[in-house]
Asks: 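The structure is given below, and queries will be raised subsequently.
As the structure is a computational prediction, the values presented were derived from the model and not from experiment. Numbering starts at 1 and runs along the sequence shown. What's counted below: heavy atoms across the whole structure, side chains too, no hydrogens, waters or symmetry copies. One-based numbering, in listed order, for ligands and for the atoms of each.
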Amino acid sequence: MIKRLTLFVLLLYCFNANAQTTKYSPTADNLAARENFQDMKFGMFIHWGIYSQLGAGEWVMHDKNIPYNNYKRLADFFNPQAFNAKEWVAFAKRAGMKYITITSRHHDGFSMFATKFSPYNIVDATPYHKDPLMELAQECQKEGIELHFYYSLLDWGRPDYNFGSPIVNGKPVNGDWDSYIKFMKDQLTELITKYPAVKGIWFDGEWERHSVNWHFDEIYGLIHKLDPAIMIGNNHHLAPIDGEDFQMFEKDLPGNKTTGFNNEQSIGALPLETCETINGSWGFNINDRNYKSVKQIIHYLVNAAGRNANFLLNIGPMPNGKIQPEFTDTLTAVGAWMQKNGQSVYGTRGNIIPPQQWGVVTGKSKTLYVHILDMPEQPYIFLPLFKGKIEKVHVIADGSSVKYKQVPEGVFVYTNNLRTDPNDTIIQITTD
Ligand code: FHN
């Protein structure tokens, strides 16, 4: 009897040990998607929902203490007649962006897509009665733009989530956690199986309850079962966990810890992405005139690329579906800059040398791009650790050659008499 029991315990141990060591192993398609993701470099983040109508950002319900049942009335008059997927996608392309990440459901719990699993959605609960995410997905597919869906884990209104509840034994007290997890899985299945061109899921809101059991193994497993190539990222502000395909940083370049909410976040080995807003808000904010300049956006993009990260730049469209002219003007200028200089960003990788006071370096096979973002007073810059055999050094704007001196510790590049660019003077170094 004791022998049998020992055997049983041993088998049980082996089974558990096996379960614990079953690690996510990305498929070849997923690994290819990761490379492609890193090549794209520049994406458009879109926060758009019924909250846009109040013109005070996507946290308005929470920040202004609007009771959920009152807030829900916003759905009754959300009617974005001027929304045009063609215009949005054409605009993203004009800005030089290669992918779009849009809020399918934010913390207010409102689904901006047709879903069978909640009546609180744009088709059933608004006079608009159409599915803008389907139009966007179809247009993205047609135009070769990748589409990623932002999906909030946090929900301020659903009773099964029970926002504000203490968490006991991995579940909210008085919620119905199993029902909530099932609901998310059902919606994610819809998003992945019904919408064309979807290549990524961008989770957010985990930080609201770190101690709950989010069942990420099941959720990520389901997504990768439905489409193994889908890129999963989670804005939990921690190091990536098993099953994720990229790591994101919010309002911070990787490695900087300026926001306070990512103090524990270390940089892992996955592709990186950093997101920032074009003004100070994610959702439409009528009072936010804190617009970033063309130069600031180019610098953010180039600084991200130099640190091997994509840049996901957010805009909050207006409630009628239009994008405000301050954003379109700036991004059209950024797009024009990318038309001329995109070779030094798209398809490159960063972290070739550590970021320097004057700027960063990106590279692609045997070519390096030296981005001088802040021209130093002395007439040279120094690239430490540079070891390659140099064939040619020139300014990409006019092809003029640049003087340099290679020493065992790196290379001096002389910057006097260069044709400088107020945004970014880019010097190409070709090695053999
Ligand atoms: O609370 C959200 C916020 O509304 C927005 O969606 C950003 C985007 O990164 N993420 C959360 C804050 O971390």
Asks: Taking the six-membered ring of F110 as reference, does the cationic atom of R105 (NZ for Lys, CZ for Arg) lie under 6.0 Å from its centre and within 45° of its axis?
Replies: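 No.
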Asks: For N310 and F37, indicate whether the former's side chain and the latter's backbone hold a donor-acceptor pair under 3.5 Å.
Replies: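 Yes.
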Asks: Would a line drawn from the ring center of H106 to the ring center of H47 be shorter than 6.0 Å?
Replies: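 That pair passes the under 6.0 Å test.
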Asks: Is the charged tip of K72 near the ring of Y120: under 6.0 Å from the six-membered ring centre and within 45° of its axis?
Replies: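 That pair qualifies as a cation-pi contact.
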Asks: Using the ring of Y346 (Phe, Tyr or Trp, six-membered ring only), decide whether K98 places NZ or CZ under 6.0 Å from its centre and within 45 degrees of its axis.
Replies: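 Cation-pi check for K98 and Y346: passes.
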Asks: Taking the six-membered ring for Trp, are the ring centroids of Y161 and W156 within less than 6.0 Å of each other?
Replies: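 So the answer is no for these two rings.
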Asks: Is there any protein N/O under 3.5 Å from an N/O of ligand 1, and what does the full list of such pairs look like?
Replies:
unit_1	atom_1	unit_2	atom_2	d
ligand 1	1 (O)	W59	NE1	2.8
ligand 1	1 (O)	H107	NE2	2.7
ligand 1	4 (O)	E58	OE2	2.5
ligand 1	4 (O)	W59	NE1	3.0
ligand 1	4 (O)	H106	NE2	3.1
ligand 1	6 (O)	H47	NE2	2.6
ligand 1	6 (O)	H106	NE2	2.9
ligand 1	6 (O)	Y150	OH	3.3
ligand 1	6 (O)	D204	OD2	3.4
ligand 1	9 (O)	E250	OE1	3.1
ligand 1	10 (N)	D204	OD2	2.5
ligand 1	10 (N)	E250	OE1	3.3
ligand 1	13 (O)	E250	OE1	2.6
ligand 1	13 (O)	E250	OE2	3.2

